[in-house]
Amino acid sequence: MSVNKIGVVGAGMMGSEIALVFAMAGKDVMIMEPEQARLDKAEAGIKRTLESGVARKFWAEEDMATALGNISFVTDLSAYGDRDLVIEAVFEDEKVKAEVYKTLDAVCKDDAIIASNTSSISISVLASYFSEKRQSRFCGLHFFSPVSRMKLVEVIRGMDTDDAVIEAARNACVEAGKTPIDVKDVVGFAVNRILFAMWDEVLRLVEEGACTPEDIDTGCKLGLGHPVGPFELMDNISNTLNLQVAEILHEAYGERFHPRPILRQVVAAGRHGRRTGRGWYRYDEKGKRVG
């Protein structure tokens, strides 16, 4: 099955950048958000990402025009009736996703592939919110932030996912310049289980007063070769989302993934991350770190 028409549900940072990489690969892409203001914000964000990439010579000027020409913005999922692949990238909450799936089940064509960008929730559990005939065409495609730069996609097969669906989804990711890996449908999949185990330890170090977040970030970059430090990454992703995923992992695996008290404290204090101006670090209105 060829995948030429793609729909993305959710115009946040992840959804917008997922749409962008497929648009740059020449696909016809739609982004859906019920609020026009959020779509306008997403469009502006995509333009900024493209402008930054052109300035850094990641892309050519003509790539920017091509990508923008391949993306359309809609406020209703009824427009997704002709999509070959729909990727859900909404809030990391099972109930929120279930409502989206109910609509997609009714709107999408019979042979459409539907995928979730969930970073932690079981694909087989999410598949249960679709009609039985649709469950074989559902899978997980977990992209990594920022999607325009990160090559990896975890491809997750649900209990009933067809082999042909996995193959078509993998091929679509390859066409978008990504490297897919197959991961069993376990809560948190592979990379997040590794990542959150590390985050638990760096958070303990800060709780113990052993190191500052800045020193840990420097240590991981210079000692481990990481491109960004763990606290920088937490701020980029959003501490609120990090806590949500930590709770999901804790529920699945018990004390192995107990959310650290300092993470709860940071979220309760409203220090959600780069996009809100304060996380482990401070940021200006453009999201640039200050101080």
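Side-chain atoms are counted along with the backbone in the values below, which use heavy atoms only and exclude waters and symmetry mates.
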(request) Using a strict cut-off of less than 4.0 Å between a Lys/Arg side-chain nitrogen and an Asp/Glu carboxylate oxygen, indicate whether Asp84 and Lys109 qualify as a salt bridge. (result) yes
(message) Can you pull out every salt bridge (Lys or Arg N to Asp or Glu O under 4.0 Å) where at least one residue sits in residues 137-166? Sequence neighbours excluded, please.
(response) Arg157-Asp163
(message) If the condition is side chain to side chain donor-acceptor pair (under 3.5 Å), which residues does Asp217 pass it with, not counting sequence neighbours?
(response) Tyr281
(request) Tell me, with the steps shown, if Glu51 and Val54 meet side-chain contact (heavy atoms from CB on, under 4.5 Å). (result) CA-CA 5 Å; Glu51 288 167 353; Val54 170; 5.8 Å; no
(request) Compare every heavy atom of Val3 with every heavy atom of Ala168, then report the nearest pair and how far apart it is. (result) O-CG2, 4.3 Å
(message) Would the distance check show the side chain of Ser128 and the main-chain N or O of Val125 forming a donor-acceptor pair, the cut-off being under 3.5 Å?
(response) yes
(message) Return the CD1 to NE2 distance between Ile123 and His142, rounded to the nearest 0.5 Å.
(response) 10.0 Å
(request) For residues Phe143 and Leu152, determine if any side-chain heavy atom of one lies less than 4.5 Å from a side-chain heavy atom of the other. (result) no
(request) In sequence, state the C-alpha distance, the side-chain angles, and the governing distance for Phe73 and Gln36, and then conclude on side-chain contact (heavy atoms from CB on, under 4.5 Å). (result) CA-CA 9 Å; Phe73 299 85; Gln36 185 62 47; 5.5 Å; no
(request) Would you indicate whether the side-chain heavy atoms of Ile31 and Ile46 approach each other to under 4.5 Å? (result) yes
(message) So for atom CD, which belongs to Glu208, do other residues, nucleotides or ligands contribute more than 12 heavy atoms lying within a distance under 6.0 Å?
(response) yes
(request) Determine, stepwise, if the pair Ser145 / Met13 fulfils side-chain contact (heavy atoms from CB on, under 4.5 Å). (result) CA-CA 8 Å; Ser145 181; Met13 182 174 67; 3.3 Å; yes
(request) Mark yes or no for whether Glu88, through its side chain, and Lys97, through its backbone, hold a donor-acceptor pair below 3.5 Å. (result) no
(request) Check whether the side chains of Glu94 and Tyr129 place a donor and an acceptor atom closer than 3.5 Å, and report yes or no. (result) yes
(message) Just to verify, what does Gln265 make a side chain to side chain donor-acceptor pair (under 3.5 Å) with, not counting sequence neighbours?
(response) none
(request) Check the pair Thr161, Ser136 against side-chain contact (heavy atoms from CB on, under 4.5 Å), reporting the backbone distance first and the verdict last. (result) CA-CA 4 Å; Thr161 310; Ser136 65; over 6 Å; no
Sequence neighbours excluded and cut-off under 3.5 Å, please list the side-chain donor-acceptor pairs for residues 266-274, or say none.
unit_1, atom_1, unit_2, atom_2, d
His272, ND1, Thr240, OG1, 2.7
Arg274, NE, Asn236, OD1, 3.0

(message) Distance check, rounded to the nearest 0.5 Å: Phe138 atom CZ versus Ser116 atom OG?
(response) 5.0 Å
(message) Less than 4.0 angstrom from a charged side-chain N to a carboxylate O is my criterion; do Arg204 and Glu201 meet it?
(response) yes
(message) Are the side chains of Val74 and Tyr80 in contact, using a 4.5 Å heavy-atom criterion?
(response) yes
(request) Mind jotting down which residue pairs meet the salt bridge (Lys or Arg N to Asp or Glu O under 4.0 Å) criterion with at least one end in residues 6-35? Sequence neighbours excluded, please. (result) Lys27-Glu175, Asp28-Arg83, Glu33-Arg38
(request) Enter the distance from Ser124:OG to Met159:CE here, rounded to the nearest 0.5 Å. (result) 4.5 Å
(request) Taking Ser16 for its side chain and Gly12 for its backbone only, find out whether a donor-acceptor pair lies under 3.5 Å. (result) yes
(message) Does Lys221, at its NZ atom, have more than 12 non-hydrogen atoms belonging to other residues, nucleotides or ligands within less than 6.0 Å?
(response) yes
(message) Show, in sequence, the C-alpha distance, side-chain angles and deciding distance for Tyr101 and Phe130, and conclude whether the ring-ring contact (aromatic ring centres under 6.0 Å, His included) test is met.
(response) CA-CA 6 Å; Tyr101 298 158; Phe130 289 95; 4.6 Å; yes
(message) Closer than 4.0 angstrom, basic N to acidic O: yes or no for Arg289 and Asp284?
(response) no
(request) Assess whether atom CD of Glu251 is packed by more than 12 heavy atoms of other residues, nucleotides or ligands within 6.0 Å. (result) no
(request) Would you list the pairs meeting salt bridge (Lys or Arg N to Asp or Glu O under 4.0 Å) in which at least one residue belongs to residues 55-81, sequence neighbours left out? (result) none
(message) If I compare all heavy atoms of Ala115 with all of Leu85, which pair ends up nearest, and what's the gap?
(response) CB-CD1, 4.3 Å
(message) Is there a side-chain contact between Leu141 and Asn117 in this structure, where contact means two heavy atoms from C-beta onward sitting under 4.5 Å apart?
(response) no
(message) Please report the interatomic distance CZ(Arg170) to OG1(Thr179), rounded to the nearest 0.5 Å.
(response) 9.5 Å
(request) State whether a side-chain donor-acceptor pair under 3.5 Å links Ser120 with Asn192. (result) no
(message) Ignoring hydrogens and geometry beyond distance, is a side-chain donor-acceptor pair present between Arg193 and Tyr253 at under 3.5 Å?
(response) yes
(message) So which atom in Arg134 and which in Asp110 form the shortest heavy-atom distance, rounded to 0.1 Å?
(response) NH1-O, 3.9 Å
(request) Working to the nearest 0.5 Å, report the span between CD1 of Ile156 and OG1 of Thr118. (result) 8.0 Å
(request) Could you tell me the separation between the CZ atom of Arg275 and the CG atom of Asn239, rounded to the nearest 0.5 Å? (result) 10.5 Å
